[in-house]
Amino acid sequence: MSSDILFYLFAVLTTGSALAVVLNKNTVASALSLLISLVGVAALFVLLDAFLLAALMVFVYAGAVVALFLFIVMLLDTYGGDRKPFKKATIVASAFALALLVLGLMTFTRRGSLETSVSAATTEVVPVGASLRAYGEQLFTTYLLPVQIVGFLLLIAMLGVIVLSKKFEGLEDVK
Amino acid sequence: MAVIQVERKPLSLAERTYIPQIIGGLKTTLKHFFQPTVTLQYPEQRPEISKNYRGVPTLVKDPNGREKCVSCQLCEFVCPPKAIRITPGEIPADSPHAHVEKAPQAFDIDMLRCIYCGLCQEVCPEEAIWLQNQFSMTGTSRAEMVNNKARLYELGGTLPDQHFKWDKKKAAEEHGNAH
Amino acid sequence: MDFSFYFDLPLWIRLTLQGLAVILVLFPIAAACSMAERKISAWIQGRPGPNRTIPPLLAWVPGIWILQKLGVFQLAADGGKFVFKEDPVPGGVNKFYFIAAPILAMIPALSTVTVVPFGAYLDSAGKLVPIVLANVDIGLLAVFAVSSLGVYAVILAGWASNSKYPFLGGVRASAQLISYELSMTLSVLPVFLWINAPGGQGTLSLFDVVQFQSQPGFWGGAWFVFTMPLSAFIFLVALFAETNRQPFDMPESESDLVGGFHTEYGAFKWSLFFVAEYCHMIVGSAVFILLFFGGWNPLPWVTLTDSVNALAGVLPFAAHPLFMGALGIAIFLGKILFSIFFFMWVRWTLPRFRYDQVMNIGWKKLLPLSIANLIAYTLGIALLHK
């Protein structure tokens, strides 16, 4: 009962601040709304007993990524400018995203596989995101390929940044 | 002189990690941590003031207790910020110092104006005004910061000089060779 | 003594009481640290430091001059001043964020302490129980996660002040904190690789780290500072940077940025930043001690349980769980206070790094060093468990 109330509280907080990210005119306020939204997501993870994911969410996204966003926003001095909230492309994109979301929800409710799988498992279910061990095992067995691909992507991005930001003196063709 | 180019030595690995230097610094500060403090607890303990110190200007008396100032007003004239005000006065005939030309009736030094330049002491023909070891002047009103004659003599006290200029002059006058 | 009435209380009341108790201890210690800072700086520089303030009503108490000389009343007077003086909000600031920033500074500073164990006692079954507000399995990660939110207070304070120096301080702080978080996290990984040997439970709990350092035998009882000195060193340097202490106090370097992010702050809001900084220091040193200095164990190779058992032979009341808990907390607090003294000692010894030096140390020296350290220990641990 109380966890239901908490769920609704944090769900409203998450979605509300996510809306604020998009609608806010001030970029710094947007970034801070994103921060609140991420903390809300972490709280939802806690309600799901996925403490590890919650901590990682706060540590990586709320702690570092949004701080970098803020850093860039301040460095580029773009805050305070009036941003037009809705352009034509924005409306098309959001309509597309909404359609995708509805589609996903519909397939999800039609199949209802989550409900059956949890009730079917009579033995103890260890949430993947709860303990370090379960999480690590899943990461290095079931999801090994996605992890490798994501790691590779990040490596490429990092190399790209290094190439872009490094000045190559005496190498005309690289420029 | 020939310019000598000194090659800057490259830092060694230990120096580049900063660690030996940091440890050396920590040792020094720890040594000072356990040493006794050197601070003077000011209002209770007073610093020793040098004899040459030039603090607040004061008026002095000679060893016989005669006020030295003859209110010539040279100091008033020379004072750059015009901090000194002198009202000259006659010495009554029945005074033991009646042979002296004059004495100040009032002598005020405004310490809010005084810049401690020492020109008054420099110019005084009687060595009557002295910048002495008084270094702290405080008051809660403007009037309090003006030193009047009584206060100036209280601060100044007596200087042990043995000139006795006016007594010698009087003796000479009595013996008939005034100049 | 019977404490059953306490355990009959509803859970939420108990948790609230425990939380309040910890905050009521942490907050005054953080405040007292500010006086300790002034006293230590004074003693290092050959001065007596604040030693004159005393309420006239108390002056007749014999022996009270010791408190006066230690500046205790000065601390109380300063604290009272912060509460009662005018709290200015300069014109042109972004009011909401300007007021939110000091509050945001306090939240992570006080909430990280929930997952930090600060003692242990043996229950009736002879099992060691940690004294902690929330004994979660991911303790270390939770500390890192919540304390990483502290950077927003600095950024927001700098940005909302609408003034150049605070802004520069805020930007510097964000870059610095993110840079050193990496090395800090990487430096503790060998510790947890060592603990989470194959077949083990798999944990990030700080209590388990201390348990691991209180095992019998030469290798079992060795603190991690002996087995992993490089990790401890990297963690310590990163801790200095993360808590914005000298020689890394870029965000508020007063010689080039006036006061950094809190230039425009005054009175109570400023004191919140101040206390938050010391809370960060306390929690940071607590984690450092738990990880590398054996937590509440009095000496390397001497565990709390052993020493209490030895004491129980002499003093009958030493076997009581309450005594053991108090002893553990006292030892742990003593270590924390020494660590804070070390922070201050370093502050009054070293000059500040230049900003480019800070970035160079963080990215070009400390990060490769911590990665190399991690790889070396990973290989070593893998070989050991072969």
Side-chain angles (χ1 to χ4, degrees), chain A residues 2 24 26-36 38-39 41-43 45-46 49-80 126-140 158 162 165, chain C residues 12 94 96-97 100-101 104 107-108 111-112 115 134 136-156 158-160 162 166-182 184-185 192 195-196 198-205 208 242:
Chain A
S2 68
N24 239 319
N26 189 328
T27 9
V28 172
S30 276
L32 290 168
S33 309
L34 181 61
L35 173 69
I36 296 172
L38 289 171
V39 172
V41 172
F45 276 136
V46 169
D49 283 348
F51 299 114
L52 183 72
L53 281 185
L56 284 178
M57 193 81 192
V58 174
F59 188 31
V60 177
Y61 288 97
V65 172
V66 180
L68 271 181
F69 282 175
L70 267 179
F71 185 64
I72 301 297
V73 165
M74 287 178 176
L75 220 58
L76 296 183
D77 204 21
T78 58
Y79 55 88
V126 179
V128 172
S131 81
L132 193 63
R133 193 177 184 84
Y135 184 72
E137 265 176 13
Q138 290 283 316
L139 218 56
F140 282 96
M158 200 168 83
I162 292 173
S165 57
Chain C
W12 66 273
N94 190 329
F96 175 74
Y97 294 114
L104 253 169
I107 292 172
S111 51
T112 37
V115 292
V136 289
D137 197 35
I138 47 160
L140 182 79
L141 211 55
V143 172
F144 280 171
V146 180
S147 67
S148 72
L149 293 181
V151 65
Y152 292 105
V154 179
I155 300 183
L156 265 190
W159 176 73
N162 192 18
F167 180 69
L168 280 173
V171 169
R172 279 185 180 188
S174 53
Q176 180 187 333
L177 293 185
I178 293 169
S179 310
Y180 280 81
E181 235 163 50
L182 280 171
M184 195 176 204
T185 318
F192 286 94
I195 290 175
N196 295 312
Q201 168 69 54
T203 180
L204 280 176
S205 157
D208 291 342
E242 287 289 307

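Order of the sequence lines sets the chain letters (A, B, ...), proteins ahead of strands, with each chain counted from 1.
- The 12-atom threshold is not exceeded at OH of A:Y61, counting heavy atoms of other residues, nucleotides or ligands nearer than 6.0 Å.
- For A:V60, no part lies under 4.5 angstrom from a heavy atom of chain C.
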Given side chain to side chain contact (heavy atoms under 4.5 Å, CB included), test C:N94 with C:N162 step by step and report yes or no.
CA-CA 7 Å; C:N94 190 329; C:N162 192 18; over 6 Å; no

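- With contacts defined as side-chain heavy-atom distances shorter than 4.5 Å, the pair C:Y97/A:L32 qualifies.
- For C:Y152, the part sitting under 4.5 Å from any heavy atom of chain A is the side chain, from C-beta outward, and nothing else.
- Heavy-atom distances place no part of C:S147 under 4.5 Å from chain A, backbone and side chain included.
- For A:A42, no part lies under 4.5 angstrom from a heavy atom of chain C.
- Once rounded to the nearest 0.5 Å, the distance linking CD1 of A:I72 with OG1 of A:T27 reads 12.5 Å.
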Run A:L34 and A:L38 through side chain to side chain contact (heavy atoms under 4.5 Å, CB included) and show every step you take.
CA-CA 6 Å; A:L34 181 61; A:L38 289 171; 4.3 Å; yes

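- Only the side chain of C:I178 has a heavy atom closer than 4.5 Å to any heavy atom of chain A.
- Counting heavy-atom pairs closer than 4.5 Å to chain A, the top-ranked of the candidates C:V151, C:L156, C:V146 is C:L156.
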If you apply the rule side chain to side chain contact (heavy atoms under 4.5 Å, CB included), what do you find for C:L149 with A:L35, and how did you get there?
CA-CA 10 Å; C:L149 293 181; A:L35 173 69; 4.2 Å; yes

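- For C:F96, no part lies near chain A; criterion is any non-hydrogen pair under 4.5 Å.
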